[in-house]
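Since the structure comes first, as structure tokens, the remarks are kept for the end.
Below, chains carry the letters A, B, ... as their sequence lines are ordered, and counting in each starts from 1.
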Amino acid sequence: MIPGLKNHVEAAVKDACRRLWDVEPPRLVLETPPKVELGDLALPIAFELAKVLRRPPRKIAEELAPALELPSIVARRSVEGGGYVNLFLDRPKALAAMLVAAPEAAKASGKVIVEHTNINPNKAAHIGHLRNAVLGDVLVHLFRRLGKHVEVQNYLDDTGVQVADVVVGLEHADELAEPTRAEELASEIREVLGAFPDDAPGTEPRRLGDLTWDLYALVTRSYAADPSLEERRKATLHAIEGAALGHELSGEARATAALASRLAEAVVRCHLKTMERIGVSYDLLPRESDILGRRFWQKAFDLLKAAGATQLETEGKNAGCWVMKLEGAKEFEGMEDADKVLVRSNGTVTYTGKDVAYQLWKLGDLGIDFEYEKAPYVNPFGEAEFIASDGTSPLYRTRHDAEGADPSARGRFGGGDSVINVIDVRQSYPQKVVKEAVRRAGFPEGADRSVHFAYEMVALTPASAELLGVTLSDEDRGRAYVEMSGRKGLGVKADDLVERLVEKAIEQILDRQPGERPDLSRAEAIAIGALRVYMTRYSRNKVIAFDFDEALAFEGDTGPYLQYAAVRTANIFRKLEEKGLPGLLDAEEAASVGALDAAHLDDGLWDVVRTCGRTQETFEKAAETFEVSLLVRHALAVGAAFHHLYHTHPILQAENDESRRARRAALQLVARTLEDVLGVLGVPIPERM
RNA sequence: GCGCCCGUAGCUCAGCCCGGAUAGAGCGUUAGACUCCGGAUCUAAAGGUCCCGCGUUCGAAUCGCGGCGGGCGCACCA
């Protein structure tokens, strides 16, 4: 709340404990009392001391409180409840200090790599991907706010089975379960791909996502109906991988690989568009094809072999595979079969194997690097279509060869001092395997620098699923939620949700300002605010059972509620100036707030100030625990305190200048705090609502 | 079977890390809000065996153990 105050209090408690009882106090916890009337800081230290001193906590608190030697910013102290020592700040001085204090810029300490989004480039993004991207993006903002250097990566599995499956659908539509439908989809997709990247103006970027979404589901159904079709998948995958590895290929295989590459590249643009719309951006797109082409796995494999971390199985069910034995590690205890295959018996590398190589590269421990080029997406003016997360630099992607690469980008990416992988909790097991492999490859401290940011999935309420036209079994209908499945085509598409949010925002605006022309950018801002808050308000280990009504809510604990609060603060300052009254406080006037009569800062007004005072610690705690929902909670607390104040403490009608100054100061703090926290959450603040 | 997560108001969730103040919000329901800075707001009411049991403790939603119910993992898929 006040810089350095915590240290002062800590020292004072330590000193008093030694003087009074000759004891070392246990760890000091500082709490915030549940109500303003109870003060600004609460010390539950007497409860701890009670155990050592064997006396009632209340008595200890009564002795301790007067003995504390505190800085003058603490106006008074009291003993509350069963033994809390509560501190009350000198309100005018504290408010002045908060207003004047420069935002705390932490010292940068190395590079943090945050990897998120990672959507298979074979179909439209769904709301589960949205949770991933928003959580990742908020983490990025949060670390930057705390002064860290952050690099954002969005990994593209452009050579995986999912891409292969859609390519099978494109090349063998006539063999699918519904050949007519399949041919229709395939020809439409080919048409879109044919126009890519210079498609006609007005082309809906999401059309490709929708079409591939349907084709992918159809291919999956077809495999189930006719398992022999999986031969097609195998051949397709073989062609894609062969091309990435630079093998000699038949003309047919070359065409298949080229189609896959074009498909992935075009679908990635759909994803980038969607994410750009909700304010999510990246610095680098690493591609699996480049991991293959660059022989990252060979290098990682050598490291693993040299460290004795992998061995060739000669018998048993894994005969012919290179495996990593996991039974010794405590995290894998009790597993029936604790061996992880890294290289299949046919010589190909598993996803986990490639992931190990990639992770080593991210940590700077692999010893080799990619080449880089600007991402090839350009708008009709020939400008870069997507910009990096700093808002100005171009977006880059990896390359496996030097031809056409940007030599100035060499060595710019990767090599993180810590690496955070934002991946849902269902992937905890493979993530643990990767981490263990890094450790065994000879980089135990690299493993320690690897963090799996795990969060729970987004599922559908049975009602939402049925709204999407899915017929559910009675069993499913009775469940709390049903899992989404890209394979089955069961899920809410990200773009559809965004569209509905925008439509609803337009409706709401027109309700409020009838006759005015709908302002699309305002509606977009509100839609994004609603979406981002919805995706971040739940604890990360909570399954979100997606419900349209909840996602589309604009009242209560929502983004628009927060935006409205911020807009209101701006409105008040504007109104003040219209009336010729002083608005924003300059540095000099802010400092003068310290000399105001404390009576101008009553409990109602102080409540909001006290809440704003917890912003920095909230950022720190959120970063430490990776719990970004804390930021939403905090913003809502500030918003609620302010909205309440709005009705009880009018500023235009303040009795006198002094009272108005106190209120303006509090309002300014609120405005700044909301801007700060909403900025980290990526919730835009519109000019008007 | 083993591992992880969840169980708090009709619904959706905070609080649990670090035991302590009357268990808090939002939605929904009901009743209200000034010729006044925009009602996407605010005020208030009703609504709770904090899944169950045992234990630790002066004190348990919070810690430990044992259950119950639900979910997710445990591939030569990703």
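- Nucleotides B/A40 and B/G53, compared at atom C1', are 47 Å apart to the nearest Å.
- The partner of B/C36, taking Watson-Crick or G-U wobble pairs whose two distances both stay under 3.5 Å, does not exist in any strand shown.
- Seen from the ring of A/Y223, A/R233 counts as a face-on cation partner, given the 6.0 Å and 45° thresholds.
- Here the C1' atom of nucleotide B/G26 and the OH atom of A/Y534 are 13 Å apart, to the nearest Å.
- The gap from the C1' atom of B/C16 to that of B/G24 amounts to 14 Å, rounded to the nearest Å.
- Rounded to a whole Å, the NE2 atom of A/H647 is 11 Å from the P atom of B/G38.
- Mapping A/G160 and A/T648 onto RNA chain B by nearest heavy atom places A/T648 at the nucleotide closer to the 5' end.
- Atom C1' of nucleotide B/A21 and atom CG of A/L87 are separated by 16 Å, given to the nearest angstrom.
- Residue A/Y538 is in sugar-phosphate contact alone, with no base atom involved, counting any heavy-atom pair closer than 4.0 Å across all strands shown.
- At the heavy-atom level, A/P56 lies nowhere under 4.0 Å from the strands shown.
- In this structure a side-chain-to-backbone donor-acceptor pair under 3.5 Å is present from A/Q563 to A/P684.
- Nearest to the side chain of A/N541, among B/A21, B/C6, B/G38, sits B/C6.
- An OP1 or OP2 oxygen of B/C76 is reached within less than 4.0 angstrom by a side-chain nitrogen or oxygen of A/N318.
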>> One pair to check against side-chain contact (heavy atoms from CB on, under 4.5 Å): A/Q162 and A/K123. What are the steps and the verdict?
In response: CA-CA 9 Å; A/Q162 295 216 15; A/K123 58 173 183 309; 3.2 Å; yes
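- Residue-level contact check: A/S345 touches the bases, meaning some heavy atom is under 4.0 Å from a base atom.
- In this structure, A/N571 does not reach the B/C37 phosphate: none of its side-chain N or O atoms is under 4.0 Å from OP1 or OP2.
- If you take atom P in B/C4 and the same atom in B/U49, they sit 31 Å apart, rounded to whole Å.
- Close to B/U43, at under 4.0 Å from its OP1 or OP2, lies no side-chain N or O of A/Y646.
- Distance A/K234 NZ to B/C76 P: 15 Å, rounded to the nearest Å.
- The aromatic ring centroids of A/F619 and A/H634 lie 6.0 Å or more from each other.
- Look at B/C4: its Watson-Crick or wobble partner, with both distances under 3.5 angstrom, is B/G71.
- OP1 or OP2 of B/G39 has at least one side-chain nitrogen or oxygen of A/R568 nearer than 4.0 Å.
- Heavy atoms of A/P560 sit under 4.0 angstrom from at least one base atom.
- The base of B/C76 lies outside donor-acceptor range of the side chain of A/T350, with no N or O pair under 3.5 Å.
- Side-chain contact between A/V422 and A/Y455 is present, with heavy atoms from C-beta onward closer than 4.5 Å.
- For B/A21, the base is stacked against the aromatic ring of A/Y84, per a cut-off of 5.5 Å between centres and 30° between planes.
- Inspection of the A/S78 and A/E80 side chains reveals an N or O donor paired with an N or O acceptor under 3.5 Å.
- The side chain of A/Y351 places no N or O atom within less than 4.0 Å of a non-bridging phosphate oxygen (OP1 or OP2) of B/A78.
- Atom NZ in A/K51 sits about 12 Å away from atom P in B/G59, given to the nearest Å.
- Across all strands shown, A/L576 has no heavy atoms under 4.0 Å from either base or sugar-phosphate atoms.
- Using a 4.0 Å heavy-atom distance criterion, A/D355 is classed as making no nucleic acid contact.
- Contact check, A/S539 against B/A14: a side-chain N or O comes under 4.0 Å of OP1 or OP2.
- Contact annotation: side chain of A/K35 to base of B/U22, donor-acceptor pair present below 3.5 Å.
- Candidate nucleotides B/C42, B/A75, B/A21 were compared by shortest atom distance to the side chain of A/E80, and B/A21 ranks first.
- The partner of B/G53, taking Watson-Crick or G-U wobble pairs whose two distances both stay under 3.5 Å, is B/C65.
- Judged by distance alone, with hydrogens and angles left aside, A/K621 brings a side-chain donor or acceptor within reach of the base of B/C17, the pair sitting under 3.5 Å.
- Counting any heavy atom pair closer than 4.0 Å across all strands shown, A/A459 reaches no nucleic acid atom.
- Of the candidate nucleotides B/C13, B/A21, B/C37, B/C37 has the atom nearest to the side chain of A/K575.
- In this structure, A/R512 places its CZ atom 10 Å from C1' of B/G38, rounding to the nearest Å.
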>> Working note: A/L645 + A/L605, criterion side-chain contact (heavy atoms from CB on, under 4.5 Å); need CA distance, chi angles, decisive distance, verdict.
In response: CA-CA 7 Å; A/L645 198 68; A/L605 198 56; 3.6 Å; yes
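- Of all heavy-atom pairs spanning A/R537 and A/V632, the tightest one is CB-CG1, 3.9 Å.
- In terms of phosphate contacts, A/H644 brings a side-chain nitrogen or oxygen within less than 4.0 Å of OP1 or OP2 of B/U43.
- When heavy atoms are screened at a 4.0 angstrom cut-off, A/I509 is found touching base atoms of the nucleic acid.
- Within the 4.0 angstrom heavy-atom criterion, base atoms lie near A/V29.
- In this structure, A/H649 reaches the bases: a heavy-atom distance under 4.0 Å links it to at least one base atom across the strands shown.
- Shown are A/Q431, A/Q427, A/H452, A/H116; of these, the side chain to side chain donor-acceptor pair (under 3.5 Å) with A/N421 is made only by A/Q431.
- Between A/I526 and A/R426, the residue whose closest nucleotide on RNA chain B is further toward the 5' end is A/I526.
- Atom-to-atom, CD of A/Q668 to C1' of B/C37 comes out at 16 Å; the value is rounded to the nearest Å.
- Side chain A/N86 to base B/A21: a donor-acceptor pair is found below 3.5 Å.
- Atom name P, nucleotides B/G7 and B/C50: the rounded distance is 15 Å, in whole Å.
- Pairing partner, B/G19: none, since no Watson-Crick or wobble contact has both distances short of 3.5 Å.
- Look at A/R479 and you won't find any side-chain N or O under 4.0 angstrom from OP1 or OP2 of B/G70.
- The partner of B/G10 is B/C27, judged by Watson-Crick or G-U wobble contacts that both fall below 3.5 Å.
- The interatomic distance linking A/R537 (CZ) with B/C11 (P) rounds to 16 Å, in whole Å.
- Residue contacts for A/E555: at a heavy-atom cut-off of 4.0 Å it reaches the sugar-phosphate backbone alone, with no base atom in range.
- No engagement by A/D547 is indicated, since no non-hydrogen atom pair under 4.0 Å with the nucleic acid exists.
- Taking every side-chain heavy atom of A/M689 into account, B/G38 is the closest of B/A78, B/C37, B/G38.
- Looking at heavy-atom distances under 4.0 Å, A/P57 makes no contact with the nucleic acid at all.
- Note on A/K542: only backbone sugar-phosphate atoms sit closer than 4.0 angstrom, heavy atoms only; bases stay farther off.
- We find that A/E313 and A/K325 are joined by a salt bridge, their nearest charged nitrogen and carboxylate oxygen being less than 4.0 Å apart.
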